[in-house]
*Asks:* 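I am attaching a structure below and will ask some questions about it afterwards.
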Amino acid sequence: MSPAEILGAHLAAQALDYVQAISPYVTGKPVDEVAREFGLSDILKLASNENPLGASPQAHAAIHAFNDLNIYPDGSGYALKAAISKHFQVDAASIILGNGSNDLLELVARAYLAPGRNAVFSAYAFAVYALATQATGADAKIIPALPPTHADMPYGADLPALLRAIDAHTRVVFLANPNNPTGTWVTQAQLEEFLEAVPRHVLVVLDEAYSEYVARSAYATGQFPDGMALARRFPHVLVTRTFSKIYGLAALRIGFAVGHPAVISVLDRVRQPFNVNSLALKAAEAALGDSTFIEHSRAVNAVGLDFMQAAFRTRGLAVIPSQANFVTVQVGLPAGRVFDALLREGVIVRALGGQTDTGGLSCHIRITIGTQAQNERVLTALDHVLPALRASA
Ligand SMILES: *Cc1c(COP(=O)(O)O)cnc(C)c1O
């Protein structure tokens, strides 16, 4: 090692032990990188659950109309909070905005977790729960999910097991509904029973990043729980939502949470004063009001999800149940090998099994639902690479 490297390593070693122990989040592979690496031009990325239809034209218009680059954002997010308040029938004091909902998950961790405390969540949960927890030095209590052989919800969150895992040091439960990267969900009845039983001093973070993709009929019939209604009923529920998925604003980084005003006030104390930028505020407000775009996105996804699930079943590949904008499929081969082979075809998907708690998904890939043409392209690529990989396995 050079003197500079030695000095760097020494400085890195001064960081908190639990920070040094974190393995960084691996994001979806960027299109440009794959283009450079493989000399390909027409690349399809279905790896990060982005909206294949783009964003609302009204959001684009709001951004084009924006001029005040020299002015700080409205740190209170007044106009967007008013719009969210009206849209979801919640008080403005119950809302906090975040730089993506990722920001909100971290604010919860910073405000509620520390060494000696723990957060409880399911195996195969969203990777950020572990990262945000570990960054505070708290313990991540990762609870085994329902078994792959479960009749209704293989790999789903086991709510009774999560409940049993809550101990005197637990301050937070993280639960995504539907969950990423599995697509699985918990029902209204299951979640109500769970929330009734969770001690009221434990904050339940209900991450609804994909809720807009769930069929409206599932809400109407009381099958699928509406976090907004639960947050009104249960003071220990904090619902997080994002503009990154169906709203198509992932580039801008904006999300929000709804919960008890006292909890919101705590989270407000640990956020950056200007955590959400002006373009994001304007675009999100416009996007929230464009119900035509949202309904169209939901409808296109529903058709694509059915199509992809059926296509995999026809090919004898098991899919995990999903109500989100992606499907996770068991490919019967190490996911990394299938991922690499698909890259060479110009298709970027997500290989699972990379985190400590996702070993059980090491032969699963997660594919975002695209347009019909995109979905067909993934299937063609898979039909090309899977037989070859199987033959050489
Ligand atoms: C994508 C996603 C988010 C949203 O992340 P942003 O920071 O809002 O872009 C949150 N939770 C889950 C489960 C997700 O999949």
Side-chain angles (χ1 to χ4, degrees), residues 25-28 30 45-52 55 59 77 80 84 95-110 119 121-133 135 142 145 155-157 172-186 204-214 225 227 238-258 267 271-272 275-277 279-281 283-284 287-288 297 301 305 320 322-328 349-350 352 354-355 357-358 361 364 366-369:
Y25 182 84
V26 184
T27 56
K45 182 185 172 205
L46 294 174
S48 301
N49 303 338
E50 294 145 341
N51 188 334
L80 179 58
I84 292 170
I95 304 167
I96 181 170
L97 307 178
N99 194 260
S101 53
N102 200 322
D103 187 25
L104 300 160
L105 301 172
E106 281 179 16
L107 295 182
V108 167
R110 194 184 303 168
F121 49 92
S122 178
Y124 315 127
F126 186 41
V128 168
Y129 307 155
L131 290 171
T133 301
I142 304 179
Y155 303 97
V172 178
V173 173
F174 289 111
L175 179 71
N177 202 39
N179 181 51
N180 169 23
T182 56
T184 53
W185 65 94
V186 298
V204 179
V205 178
L206 190 57
D207 179 344
E208 294 193 328
Y210 299 97
S211 63
E212 297 88 356
Y213 281 109
V214 175
L238 182 81
V239 177
T240 61
R241 296 274 183 112
T242 182
F243 286 97
S244 300
K245 302 289 159 58
I246 208 168
Y247 294 100
L249 302 179
L252 292 174
R253 315 303 307 125
I254 178 158
F256 63 97
V258 170
L267 299 179
R271 72 174 172 89
Q272 288 182 37
N275 62 332
V276 180
N277 72 78
L279 289 165
L281 290 170
L288 190 64
S297 297
N301 184 70
L305 181 60
I320 301 180
S322 172
Q323 293 210 47
N325 67 339
F326 57 85
V327 60
T328 293
V349 299
R350 196 63 188 240
L352 302 181
Q355 293 136 233
D357 67 308
T358 55
L361 295 177
H364 281 79
R366 189 194 69 195
I367 304 170
T368 303
I369 304 302

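Both counts, for ligands and for their atoms, begin at 1 and track the order of listing.
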*Asks:* Who's touching ligand 1 if we go heavy atoms under 4.0 Å?
*Replies:* Gly100, Ser101, Asn102, Phe126, Asn180, Asp207, Ala209, Tyr210, Thr242, Ser244, Lys245, Arg253
*Asks:* Please report, to 0.1 Å, the donor-acceptor pairs under 3.5 Å made by any side chain of residues 103-110, with sequence neighbours excluded.
*Replies:*
from   : atom 1 : to     : atom 2 : distance (Å)
Asp103 : OD2    : Asn99  : N      : 2.8
Asp103 : OD2    : Asn275 : ND2    : 3.0
Arg110 : NH1    : Val270 : O      : 2.7

*Asks:* Counting only N and O atoms by type, is there a donor-acceptor contact under 3.5 Å from the side chain of Ser322 to the main-chain atoms of Ala324?
*Replies:* yes
*Asks:* Would a distance-only check, ignoring hydrogens and angles, find a side-chain to backbone donor-acceptor pair under 3.5 Å from Asn51 to Tyr247?
*Replies:*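 Answer holds: no.
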*Asks:* Show me the side-chain donor-acceptor pairs of residues 173-183 shorter than 3.5 Å, one per line, residues at least two apart or across chains.
*Replies:*
from   : atom 1 : to     : atom 2 : distance (Å)
Asn177 : OD1    : Val186 : N      : 2.7
Asn177 : ND2    : Val186 : O      : 3.3
Asn179 : ND2    : Tyr124 : O      : 2.7
Asn179 : ND2    : Thr182 : OG1    : 2.9
Asn180 : OD1    : Arg366 : NH1    : 2.7
Asn180 : ND2    : Tyr210 : OH     : 3.3
Thr182 : OG1    : Thr184 : N      : 3.3
Thr182 : OG1    : Thr184 : OG1    : 2.7

*Asks:* For a quick test of reading the model, state the closest non-hydrogen atom pair linking Glu208 to Val239 and the distance between them.
*Replies:*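 Heavy atoms only, the tightest pair is OE1-CG1, 3.5 Å.
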*Asks:* Apply salt bridge (charged side-chain N to carboxylate O under 4.0 Å, His left out) to Arg253 and list each qualifying residue two or more places apart in sequence or on a separate chain.
*Replies:* none
